Amino acid sequence: MNEATVQRNYKDTIFRMLFKDKENLLSLYNALNHTAYTDVSGLEITTLENAVYMNYKNDVSFVFDSELMLYEHQSTMNPNMPLRDLFYVSDTLHKKTYSKDLYGKNLIKIPAPRFVVFYNGVTYQPDVQTLKLSNAYEKQQETPELELTVTVYNINRGYNEELMNACRALREYAMYVEHVRTYAKQMPLADAVEKAVDYCIEADILSEFLRKNRAEAIKMSIYEYDEELHFRTLREEGREEGLAAGLAEGLEQGERRLADLLQKLIDSGRSEDVNRAISDSEYRKQLYLENI
């Protein structure tokens, strides 16, 4: 497959652009919380572009109904999401309370944080899973005094159907990504994205959004898919290199072990067992068990 060349500093994504629309965002909030809010006036989108230690390019963060929500899209699973979100929420709350007297006698109220990830990668993940900050603690504690949980929803076809049916924008976003991936297996990436956009407009999948933002959506999609493929390839190469290194190390250890065994046989005057130890693996195992 030919890959398109894209700029790695391109910051926005389809997910973020789609859910910066307050109507879509409120629909997603309602679907997750089984509520039916209709007034978007109280919804304050507060995306933080350059939080400490990371750059959230796949997120939409907002305050609504006294909650600070971070919705993030991921095509790869990352066990460090709780730690990243800890940095994010600390940074955000610091900015919100910067002018307040933290040492005063009055309790400073803050919005309750909640962290949600929408996963649509190609490796298997369950419908819903919870990642915990405490899983990263070097010393596990029965009741951690600092905890942060991230809820991960799989939004691929066949998963979390109730959620997907409750939020049309999320369902159609997942369908669009699926079409890009399908076509990208058959043709160059730029052509695949063009075809996916044309198909979705014709099939009424994010059609209004794609008509209105066609050029930017194509550019973002090429960037997203290219980056996803890039990191997936790096992981696969790393896994292959790890397996090769492990195999080489295992062979080296096996050779050293056999050399030690043969030397011990020679030193013990058992030269007649040397050839048998080399050619007969079962006999060699027996000798290893005898700690020769």
Side-chain angles (χ1 to χ4, degrees), residues 13 15-16 18-74 77-119 125-137 140-155 160 162-164 166-167 169-170:
T13 64
F15 180 87
R16 220 168 78 165
L18 184 62
F19 289 103
K20 279 181 180 178
D21 178 273
K22 288 189 175 183
E23 297 290 346
N24 289 337
L25 187 55
L26 187 61
S27 172
L28 184 53
Y29 178 88
N30 285 337
L32 285 170
N33 293 277
H34 304 288
T35 54
Y37 288 107
T38 58
D39 185 2
V40 299
S41 60
L43 193 153
E44 175 192 354
I45 297 178
T46 62
T47 300
L48 187 62
E49 293 287 353
N50 293 300
V52 177
Y53 296 111
M54 69 283 187
N55 180 21
Y56 273 88
K57 66 181 183 306
N58 293 329
D59 81 290
V60 178
S61 60
F62 61 101
V63 176
F64 184 71
D65 196 26
S66 299
E67 290 185 307
L68 171 61
M69 311 291 295
L70 175 65
Y71 289 171
E72 186 177 2
H73 156 256
Q74 289 286 327
M77 282 300 297
N78 185 334
N80 298 312
M81 288 177 190
L83 182 59
R84 291 166 50 208
D85 285 346
L86 175 65
F87 294 145
Y88 172 86
V89 74
S90 298
D91 223 40
T92 302
L93 294 179
H94 173 71
K95 292 178 184 297
K96 284 185 169 293
T97 60
Y98 181 76
S99 61
K100 300 183 184 295
D101 182 6
L102 296 178
Y103 298 94
K105 64 179 182 179
N106 295 323
L107 179 66
I108 297 174
K109 295 286 189 176
I110 58 175
R114 184 180 176 190
F115 308 97
V116 179
V117 170
F118 301 98
Y119 169 82
Q125 297 296 332
D127 275 75
V128 183
Q129 57 186 303
T130 301
L131 306 182
K132 295 183 178 182
L133 179 66
S134 60
N135 291 339
Y137 292 167
Q140 292 296 299
Q141 301 171 319
E142 185 175 344
T143 54
E145 295 190 8
L146 176 63
E147 186 64 281
L148 186 151
T149 62
V150 178
T151 305
V152 183
Y153 293 92
N154 190 335
I155 60 170
N160 288 299
E162 182 179 354
L163 170 64
M164 304 295 276
C167 181
L170 184 66

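These values consider heavy atoms only, across backbone and side chains, with no hydrogens, waters or symmetry-generated copies. This structure is a prediction, so every number in the text was calculated from the model and none was measured.
- By the 4.5 Å heavy-atom criterion applied to side chains, Met81 and Val117 are counted as neighbours.
- Gln125 and Gln129 share a donor-acceptor pair across their side chains, judged by distance under 3.5 Å alone.
- The shortest side-chain heavy-atom distance between Leu131 and Thr149 does not fall under the 4.5 Å cut-off.
- Side-chain atoms of Lys20 never come within 3.5 Å of backbone atoms of Val60 as a donor-acceptor pair (strictly under, hydrogens ignored).
- Under a 3.5 Å cut-off, the side chain of Glu44 and the backbone N or O of Phe64 do not form any donor-acceptor pair.
- For the 3.5 Å distance criterion, the side chains of Thr35 and Asn33 fail to qualify, holding no donor opposite an acceptor.
- Aromatic pair Tyr71/Phe62: centroids less than 6.0 angstrom apart.
- A 4.5 Å side-chain heavy-atom check between Arg16 and Asp59 finds at least one atom pair inside the cut-off.
- Residue Arg114 holds its CZ atom at 13.0 Å from CG of Leu148, rounded to the nearest 0.5 Å.
- For the atom pair CG (Leu133) and CZ (Arg84), the distance works out to 13.0 Å, reported to the nearest 0.5 Å.
- In this structure, Phe15 and Phe118 have side chains that are in contact, with non-hydrogen atoms separated by less than 4.5 Å.
- Not one N or O on the side chain of Glu72 forms a donor-acceptor pair closer than 3.5 Å with the backbone of Val116.
- Side-chain N or O atoms of Asn160 include none that pairs as donor or acceptor with a backbone N or O of Tyr153 at under 3.5 Å.
- Remark: the backbone N or O of Leu86 is paired with a side-chain donor or acceptor of Ser90 at under 3.5 angstrom.
- A heavy-atom distance below 4.5 Å is found between the side chains of Glu147 and Ser134.
- Counting all heavy atoms, side chain and backbone alike, Val89 lies closest to Pro113 at CG2-CB, 3.9 Å.
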For Leu25 and Asp21, what are the C-alpha separation, side-chain angles and deciding distance, and is it a side-chain contact (heavy atoms from CB on, under 4.5 Å)? CA-CA 6 Å; Leu25 187 55; Asp21 178 273; over 6 Å; no
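- Taking both residues in full, the closest heavy atoms of Ser27 and Ala166 are given as OG-O, 3.9 Å, listed atom of the first, atom of the second, then distance.
- Annotation: side chain of Leu68 is not in contact with side chain of Leu70 (no heavy-atom distance under 4.5 Å).
- Counting heavy atoms from C-beta on, the side chains of Gln74 and Val152 never come closer than 4.5 Å.
- In terms of modelled atom types and a separation under 3.5 Å, the side chain of Glu23 and the main chain of Thr38 share no donor-acceptor contact.
- Within the 4.5 Å cutoff, side-chain heavy atoms of Tyr137 are placed close to those of Gln140.
- At distances below 3.5 Å, not a single donor-acceptor pair connects side-chain atoms of Thr97 with backbone N or O atoms of Lys100.
- Side-chain atoms of Asp65 and Tyr37 include a donor-acceptor pair closer than 3.5 Å.
- Interatomic distance, Asn24 CG to Leu28 CG, rounded to the nearest 0.5 Å: 9.0 Å.
- The backbone N or O of Tyr88 sits nowhere less than 3.5 Å from a side-chain atom of Asp85 that would complete a donor-acceptor pair.
- The local environment of CD in Glu162 is sparse, with at most 12 non-hydrogen atoms from other residues, nucleotides or ligands closer than 6.0 Å.
- In this structure, the separation between CG on Leu83 and CG on Asn135 is 12.0 Å, given to the nearest 0.5 Å.
- Ala169 and Leu18 get closest at one heavy-atom pair: O-CD2, 3.7 Å.
- Separating the CG atom in Leu93 from the NZ atom in Lys95 is a distance of 11.5 Å, to the nearest 0.5 Å.
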